[in-house]
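A short worksheet on the structure shown next.
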Amino acid sequence: MSITTLGQFIIEKQQDFPFAKGELSRLLRDIGIAAKIISREVNKAGLTQILGEYGSVNVQGEDVKKLDIIGNETFIWALEKGGEVCAMASEENDDMIPLRGAYSKNGKYVICIDPLDGSSNIDVNVSIGTIFSVYRRISEPGSEPTLNDVLQAGNKLVAAGYIVYGTSTMLVYSTGKGVSGFTLDPSIGEFCLSHPDIVTPTDGKVYSINEGNAGEFPQGITDYLKWVKESDKASNRPYTARYIGSMVADFHRNLLKGGVFIYPPTAKAPNGKLRLMFECIPMAFIAEQAGGKATTGTERILDVDPSEIHQRVPAIMGSKNMVDMVLEFMK
Ligand code: AHG
Ligand code: MN
Ligand code: MN
């Protein structure tokens, strides 16, 4: 048999970290379990009356769909059971959540998650995702976790990744030694290594941006968008526009095929829309680990020092040459 399951892969990789005690491995396993449960719920979303508004509004002022809540609660449940994580910050909660499992207080890690990314696509059967990132806590294990434990810059990340619920469910993650992708085989209920060592193309033809906001973009982005559409054989233009509206899905396509994903500042939202802790940092980490690049337009995303957990930043990420070209226009 030539398959490698996520569980087997995690154990094999533990040997890359000679002093590892297996805690991160167990934590990654717990994320895998949560991912399978959410995948199951996503797959039956159309059947089980769990579509539609949940009747509440999240801290960003957006309607909350039931799957957002299910995803959030599934992660809390899996991490409390596992006991490796002392606190979680989630797009769905105003404040950091100290975990209350029997062993959580001693957990050495904290986690940030966007439990359901692309929620506007749920009702229409379009790919959605989950995004996660893992940091080592700063406070002493055994003590009450503090906000400083989660408010860490991306350059302190221990691991990050995402799950995309697409034509298949895939889990993609990195612990800082490259990027690996696993596809869920529903017949055996396991994530199986399908994309070892993902390296993103240095160049690409796809640009992903919500051009509906074009009237509000900074001049540099407007100029870039004009340039990508100009005809020029030598530089492969015009490019191709692809925008799903689920960051995970847009990012994932560009990661594999080459491309640039842009959520720029707009007149209405000067810091863009995407959340630093829940969306931009973990995706920037994956982009860089795959050989790509991720910037706010002025700063490497992984070097931004967060000041609050729901902070937003502009994002330009993907194939290195494409990101550099956007930056060139933004100068
Ligand atoms: P979420 O569903 O977690 O709120 O995230 C939605 C995000 C992201 O996935 C996507 O790229 C972006 O919002 C789309 O925003 P626009 O509709 O403004 O383009
Ligand atoms: Mn999101
Ligand atoms: Mn979300």
Side-chain angles (χ1 to χ4, degrees), residues 34-35 38 41-42 45 51-54 56-76 88-94 97 111-133 160-166 172 206-217 221 225 241-255 259-284 286-287 294 296 301 309-318:
I38 301 171
E41 297 303 319
V42 166
L51 291 176
E53 320 296 310
Y54 193 54
S56 60
V57 166
N58 77 6
V59 291
Q60 320 283 348
E62 299 150 334
D63 292 322
V64 174
K65 304 281 159 71
K66 268 194 181 174
L67 278 174
D68 297 288
I69 299 294
I70 291 170
N72 210 35
E73 288 176 350
T74 302
F75 262 87
I76 295 175
M88 177 174 114
S90 163
E91 189 195 273
E92 298 303 327
N93 299 88
D94 285 319
I97 316 162
I111 195 163
C112 296
I113 66 161
D114 178 355
L116 217 291
D117 175 68
S119 14
S120 70
N121 282 322
I122 297 172
D123 328 25
V124 289
N125 214 342
V126 170
S127 297
I128 51 181
T130 296
I131 310 174
F132 61 90
S133 44
Y162 59 84
I163 300 119
V164 54
Y165 312 101
V172 174
V206 171
Y207 68 101
S208 310
I209 183 169
N210 186 346
E211 273 197 275
N213 299 325
E216 297 197 30
F217 289 161
I221 296 291
L225 291 173
R242 289 282 185 276
Y243 191 76
I244 295 168
S246 295
M247 183 193 199
V248 167
D250 279 309
F251 178 92
H252 181 68
R253 178 202 52 243
N254 292 359
L255 181 76
V260 65
F261 175 87
I262 309 172
Y263 209 108
T266 62
K268 267 194 228 115
N271 293 317
K273 174 186 184 188
L274 300 176
R275 298 77 167 175
L276 175 65
M277 304 298 302
F278 307 123
E279 296 170 320
C280 297
I281 287 178
M283 295 314 229
I286 297 293
T296 64
I301 287 177
I309 56 179
H310 293 282
Q311 185 172 344
R312 295 169 195 258
V313 289
I316 303 155
M317 53 176 76

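Indexing begins at 1, ligand by ligand and atom by atom, following the structure's order.
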Exercise for review: Using the six-membered ring wherever Trp is involved, compare the ring planes of Y243 and F261 and label them parallel, tilted or perpendicular (cut-offs 30° and 60°).
Suggested key: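 Answer is parallel, since the angle falls under 30°.
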**Study point:** Among D68, I122, I38, side-chain contact (heavy atoms from CB on, under 4.5 Å) partner for I128
**Key:**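 The residue from D68, I122, I38 that satisfies side-chain contact (heavy atoms from CB on, under 4.5 Å) with I128 turns out to be I122.
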**Study point:** Distance-only side-chain donor-acceptor flag, N213 / T266, under 3.5 Å
**Key:**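 No - no donor-acceptor pair under 3.5 Å links their side chains.
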Check your understanding: Yes or no on side-chain hydrogen bond (donor to acceptor under 3.5 Å, both in side chains) for D114 and T130, after CA distance, side-chain angles and deciding distance?
Key -> CA-CA 6 Å; D114 178 355; T130 296; over 6 Å; no
Numbered atoms and elements of ligand 1 in range of [X], under 4.0 angstrom, heavy atoms:
| X | value |
| --- | --- |
| R275 | 4 (O), 5 (O) |
| S246 | 9 (O) |
| E91 | 3 (O), 4 (O) |
| M247 | 8 (C), 9 (O), 10 (C), 11 (O) |

Study note, to complete from the structure: Output for pair (E41 CD, I70 CD1), nearest 0.5 Å, gives 5.0 Å
Study note, to complete from the structure: Rounded to the nearest 0.5 Å, the OG atom of S208 sits from the CZ atom of R242 at a distance of 9.0 Å
Taking the side chain as everything from C-beta on, heavy atoms only, tell me whether [X] gets closer than 4.5 Å to [Y].
| X | Y | result |
| --- | --- | --- |
| E92 | P115 | yes |
| I131 | V248 | yes |
| F251 | I286 | yes |
| I113 | E91 | no |
| F278 | D117 | no |
| I281 | I301 | yes |

Do any nitrogen or oxygen atoms of [X] lie less than 3.5 angstrom from nitrogen or oxygen atoms of ligand 1?
| X | result |
| --- | --- |
| K273 | yes |
| V248 | no |
| N210 | yes |

Of the side chain and backbone of [X], name the one, both, or neither that has a heavy atom under 4.0 Å from an atom of ligand 1.
| X | answer |
| --- | --- |
| S119 | both |
| E211 | neither |
| D114 | side chain |
| F278 | neither |

**Study point:** Criterion side-chain hydrogen bond (donor to acceptor under 3.5 Å, both in side chains) on N121 and S246, from CA distance to verdict
**Key:** CA-CA 7 Å; N121 282 322; S246 295; 2.8 Å; yes
Review point. Among G129, G245, A249, S120, which residue places a heavy atom closest to atom 10 (C) of ligand 1?
Key: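 Checking each option, the heavy atom nearest atom 10 (C) of ligand 1 is found in G245.
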Exercise for review: Please confirm whether L116 comes under 4.0 Å of ligand 1, counting heavy atoms of the residue only.
Suggested key: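 Judged by the 4.0 Å heavy-atom criterion, L116 does count as contacting ligand 1.
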Check your understanding: Is the closest heavy-atom distance from F261 to ligand 1 below 4.0 Å?
Key -> yes
Check your understanding: Which residues and atoms, counting only protein N, O or S, are under 2.8 Å from the Mn ion (ligand 2)?
Key ->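 Hits for the Mn ion (ligand 2) below 2.8 Å: D114 OD2, D117 OD1, E279 OE2.
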